[in-house]
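Protein chains get the first letters and strands the later ones, always in sequence-line order, with residue 1 at the start of each. FYI, side chains are in, hydrogens and waters are out, and symmetry mates aren't considered; it's all heavy atoms of this structure.
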2 protein chains.
Amino acid sequence: MENQDIKKAGLKITLPRVKILTLLEKHGGHLSAEDVYKILLDEGEEIGLATVYRVLTQFESAGLVVRQNFEGGQSVFEIDSGTHHDHLVCIKCGKVEEFLDATIEKRQEAIAKKFGFTIKDHALVIYGCCDKAECNLE
Amino acid sequence: MENQDIKKAGLKITLPRVKILTLLEKHGGHLSAEDVYKILLDEGEEIGLATVYRVLTQFESAGLVVRQNFEGGQSVFEIDSGTHHDHLVCIKCGKVEEFLDATIEKRQEAIAKKFGFTIKDHALVIYGCCDKAECNLE
DNA sequence: AATGATAATGAGAAGATTTCTCATTATCAC
DNA sequence: GTGATAATGAGAAATCTTCTCATTATCATT
Ligand SMILES: [Mn+2]
Ligand SMILES: [Mn+2]
Ligand SMILES: [Zn+2]
Ligand SMILES: [Zn+2]
């Protein structure tokens, strides 16, 4: 239940928070704050854009959602599944695929060690064209 | 010589373009448009911020510089060395290290193939703390 | 070297995304 | 239920970047 997750994060259970978290869970994908705001509007919810941004940031701090900074300006958010993964993004249609490659993850550790870095986070995004016909024209 | 690179890109050789390209070459690092603007100001050059943004974008299109989108809002630019590389970024002091790992590069191809993607580009950024004393407190 | 068509510049406006402020409202421990 | 406190929503504002347009510089051609 979303409510318990919100409570565990030390946040009060409010309608905007429940709606936003439920939406992210149902949608399952990668949504920008604007996306969330518009979908909620379509669903008849009167939740302010500032609240959407504020709540998404709080959820990120609480570990409920993960922020991804793909190219294109806007951050996108997804439910924190608990297991890290990286992304493939189609530059034509926006499709996003997720992957986790143990070899790549291990190599990163070796590289960090070599340079004396302690890894806190990383982001690997592969941009390309997916296999849909309309994404392969030229 | 910078001038030939600018000419080859189909751009007129102007003072702002020469100054910006020379600065990036001399500095060697990863500079934001604002960084470039301020350094040029300090050097007594009267180059507008809009021109800096415009020229950096043109240089990117021409393949003279590469844009990197690290976390933190601003894009940073570096001279296109001709050889792709990825980055380690210290979240404490901002230090940037570059690396190229053949294993990681190969695995990406395999992953893209598996998902039916044709890779156009990719970005791997490892965020962490570098080995400087002041970057390791806690 | 002067001319002129055209491209480039710089200042400020404007666009885009995100955060902040603050008066009002909702939550929840008591 | 009451009240202390947290959350919300609207709009202002901050931040980064692009656009507009009048002015200026470049450079191929004389
Ligand atoms: Mn994902
Ligand atoms: Mn680099
Ligand atoms: Zn596609
Ligand atoms: Zn450091």
Side-chain angles (χ1 to χ4, degrees), chain A residues 1-23 30-41 43-62 64-77 94, chain B residues 1-23 30-41 43-62 64-77 94:
Chain A
M1 192 53 181
E2 304 82 26
N3 294 16
Q4 295 318 305
D5 293 330
I6 295 172
K7 187 170 281 180
K8 272 185 229 159
L11 301 168
K12 287 188 178 172
I13 297 167
T14 63
L15 198 114
R17 286 180 179 147
V18 174
K19 292 289 179 190
I20 291 169
L21 194 52
T22 302
L23 170 58
H30 305 79
L31 298 175
S32 68
E34 189 91 31
D35 290 336
V36 170
Y37 174 69
K38 284 182 177 161
I39 293 172
L40 290 175
L41 264 192
E43 293 179 355
E45 302 295 338
E46 301 268 322
I47 296 174
L49 182 57
T51 300
V52 175
Y53 273 104
R54 198 190 296 118
V55 168
L56 286 172
T57 301
Q58 291 164 338
F59 284 176
E60 184 191 16
S61 298
L64 296 178
V65 308
V66 179
R67 178 193 304 258
Q68 307 292 347
N69 292 297
F70 300 155
E71 282 178 11
Q74 298 186 190
S75 292
V76 296
F77 300 82
Chain B
M1 191 55 179
E2 304 83 25
N3 294 16
Q4 296 317 305
D5 293 331
I6 295 172
K7 187 170 281 182
K8 272 185 229 161
L11 301 169
K12 288 189 178 173
I13 297 166
T14 63
L15 199 115
R17 287 181 179 146
V18 174
K19 292 289 179 191
I20 292 169
L21 194 53
T22 303
L23 170 58
H30 305 78
L31 298 175
S32 68
E34 189 92 32
D35 290 336
V36 170
Y37 174 69
K38 283 182 178 161
I39 293 172
L40 289 174
L41 264 191
E43 293 180 354
E45 303 295 339
E46 301 267 323
I47 295 174
L49 181 57
T51 299
V52 174
Y53 272 104
R54 198 190 295 119
V55 168
L56 286 172
T57 301
Q58 292 165 337
F59 284 176
E60 184 190 15
S61 298
L64 297 178
V65 309
V66 178
R67 179 194 303 257
Q68 307 293 346
N69 292 298
F70 300 156
E71 281 178 11
Q74 299 185 194
S75 291
V76 297
F77 300 83

#### Entry: Option passing side chain to side chain contact (heavy atoms under 4.5 Å, CB included) with B/Ile6 (candidates B/Val18, B/Val55, B/Ile20)
B/Val18
### Summary
B/S/- along nucleotides 21-30 of chain C (protein heavy atoms under 4.0 Å) is B-----BS--
### Query
B/Thr51 side chain to B/Ile47 main-chain N or O, any donor-acceptor pair under 3.5 Å?
no
### Task
Measure the spacing between CD of B/Gln74 and CG of B/Leu31 and express it to the nearest 0.5 Å.
11.0 Å
### Query
Nearest to the side chain of A/Gln74 - C/dT18, C/dT9, D/dT8?
C/dT18
### A/Gln68 CD to C/dT17 P, straight-line distance once rounded to whole Å
18 Å
### Query
Just checking A/Ser75: base, sugar-phosphate only, or nothing, at a heavy-atom cut-off of under 4.0 Å?
sugar-phosphate
### Query
What's the shortest heavy-atom distance between A/Asp35 and A/His30, and which atoms?
OD2-O, 4.4 Å
### Query
Short question: side chain of B/Arg17, backbone of B/Lys12 - any donor-acceptor pair under 3.5 Å?
yes
### Message
What is the separation between atom CD on A/Glu71 and atom P on C/dA16, rounded to the nearest whole Å?
### Response
19 Å
#### Entry: Whole-Å gap separating P (D/dT18) and CD (B/Glu34)
13 Å
### Query
Does B/Arg17 put a side-chain nitrogen or oxygen below 4.0 Å from OP1 or OP2 of D/dT26?
no
### Query
How many Å lie between CD on B/Gln58 and P on D/dT26, as a whole number?
15 Å
### Query
What is the distance, rounded to the nearest whole Å, between atom OH of B/Tyr37 and atom P of D/dT17?
15 Å
### Message
I want to confirm an ordering. Mapping B/Arg67 and A/Ile47 to their closest nucleotides on DNA chain D, which one lands closer to the 5' end?
### Response
A/Ile47
### Task
Check every strand shown and say whether A/Glu46 touches a base, only sugar-phosphate, or nothing at a heavy-atom separation below 4.0 Å.
sugar-phosphate
### Query
To the nearest Å, how far apart are A/Asn69 CG and D/dT15 P?
18 Å
#### Entry: side chain to side chain contact (heavy atoms under 4.5 Å, CB included) assessment of A/Gln58 paired with A/Leu11
CA-CA 9 Å; A/Gln58 291 164 338; A/Leu11 301 168; 4.2 Å; yes
### pair A/Asn69-B/Asn69: side-chain heavy atoms closer than 4.5 Å
no
### Message
In this structure, how many angstroms lie between the P atom of D/dA12 and the CG atom of A/Leu49, rounded?
### Response
15 Å
### Task
Figure out the CD/C1' separation between B/Glu45 and C/dG10, and round it to whole Å.
15 Å
#### Entry: D/dT17 phosphate, OP1 or OP2, under 4.0 Å from B/Tyr53 side-chain N/O
yes
